[in-house]
2 protein chains.
Amino acid sequence: MARPSRFDTDQLLDVAVRLAVASGPAGVTMSAVAKEAGAPSGSVYHRFPGRAALLAEVWLRTVERFQEGYFAALESDPDVRRSACAAARHVVAWSRAHPGQAALLLYGAQDFGRADWSEEHRARADRGNDRVRRSLAALAADLGAEGHRATERVSLALVDLPLSLVRRHLRAGDPLPAHAEALAEECALALLGPP
Amino acid sequence: MARPSRFDTDQLLDVAVRLAVASGPAGVTMSAVAKEAGAPSGSVYHRFPGRAALLAEVWLRTVERFQEGYFAALESDPDVRRSACAAARHVVAWSRAHPGQAALLLYGAQDFGRADWSEEHRARADRGNDRVRRSLAALAADLGAEGHRATERVSLALVDLPLSLVRRHLRAGDPLPAHAEALAEECALALLGPP
DNA sequence: ATGATTCTAGAGGGGTCTCTCCAATATTGT
DNA sequence: ACAATATTGGAGAGACCCCTCTAGAATCAT
């Protein structure tokens, strides 16, 4: 029904990921993406109405890809503690498998200009965040510890701490060591407390 | 011996901190600092040879101010576990006392353009990092657990996890809750394992 | 073939930022 | 009073970036 595209959305987003890894979110400019993809700026603006939309899409695509497996891990086992371990491991394993996108995950939505996003993009981000929050609260409840504070501790164990482990190595430039998944699991179990 | 300065270094760095909190490291531009301080750009360039130097100074000043108390906490008690608790608490307490500078601490040197820093600035950053690494390794040894992996776990307990706790609240925009220090301490103890 | 549609292609305006440069100015030591 | 000096004050060049706009090319449906 029309001319075929030489530069499709995913391809441009891949370029954006590379640029963000190399120079941070600030390095993801419309002209940098165009140059790196070998495309004229017009093609980039044809796909994305502006820089804010590009940044939103690259962030949301990455987060949603990560969360897909994360949710699966969180409900992977009838034994809640085993699910928790799977979730902690998933953070590390996914980062190992996708080091570029993992580097993005270490930033926050704010670093990708959340304040300038469209209403839809913000809603999409909130949807994902809420889902994570609810899943972690449910897991905390299943562990027998309810309340805001217990959920906070579970979040630290299954999200922040594994991410910190990843950050520590990616920031230093070296790949994740072989024992990283095991370490994330041990730490998560220690934080969840005795059964 | 000369005309008195209307804009001294610390004053300009304070402005830089405010800008970084508001718009991230990318918002710390020479012209933004000048405008926010009510100074002409020439005055800013008189204090700092360029933007890289300004970013390095604002980052290093913040980190060094934080580390000052952190080292004291790490060696505050003959009982190693008590020192560890003090260190974990310090991260949260310092962030509570200095929310602006704490927001900077959640970034990394790379976000402040480390790649463009002078040799001196980089050496200064390395010196601080090495000192932290050594202190944590010594503490790990005192706990009876030696080796790379034990040090990594101690670092997670006494640096990354308390920082994650701070990040979680600052990113959301709310102040640190009253129980934050206690939570950091509990989590740190859980990660260090049984005595 | 023809028109409709989708996309490429890139020039250029308007803005911001970094950094340089020079004149003006206020203070101190003598 | 006067020279020395550290600093202010700001204009402006050059680079980069965001975005708009127009022209044309490639494809599909009829």
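This is a predicted model, so every value here is computed, not measured. Letters go in sequence order (proteins before strands), and every chain restarts at 1. All heavy atoms count here, side chains included; hydrogens, waters and symmetry mates do not.
The existence of a salt bridge linking B/R149 and A/E186 is confirmed by a sub-4.0 Å separation between a basic side-chain nitrogen and an acidic carboxylate oxygen. We find that B/E57 and B/R47 are not joined by a salt bridge, their nearest charged nitrogen and carboxylate oxygen being 4.0 Å or further apart. Look at B/R61 and B/D10 and you find a salt bridge, because one of the NZ, NE, NH1 or NH2 atoms lies within 4.0 Å of a carboxylate O, short of that distance.
Regarding contacts with the backbone of D/dG9, a side-chain N or O of B/R6 is found under 4.0 angstrom from either OP1 or OP2. Distances shown here put a side-chain N or O of B/S43 below 4.0 Å from the OP1 or OP2 atom of D/dT8.
Residues from residues 44-51 of chain B placing a heavy atom under 4.0 Å of any atom in DNA chain C, listed by number, are B/Y45, B/G50, B/R51. Contacts of residues 7-38 of chain A with DNA chain D (heavy atom under 4.0 Å): A/T29, A/M30, A/S31.
In this structure, B/R3 places its CZ atom 5 Å from C1' of D/dT7, rounding to the nearest Å. At whole-Å resolution of the value, CG in A/D116 and C1' in D/dC19 are 15 Å apart.
Put simply, the side chain of A/V132 does not reach to within 4.5 Å of the side chain of A/L74, judged on heavy atoms.
For the ring-ring contact (aromatic ring centres under 6.0 Å, His included) test, no residue two or more places apart in sequence or in another chain qualifies with B/H179.
Judged purely by distance below 3.5 Å, without hydrogens or angles, the side chains of B/S118 and B/H121 pair a donor atom with an acceptor atom.
Using a 30° and 60° split on the angle between ring planes, A/H90 and A/Y70 fall in the tilted class, from 30° to 60°.
Side-chain N or O atoms of B/W117 include one that pairs as donor or acceptor with a backbone N or O of B/F112 at under 3.5 Å.
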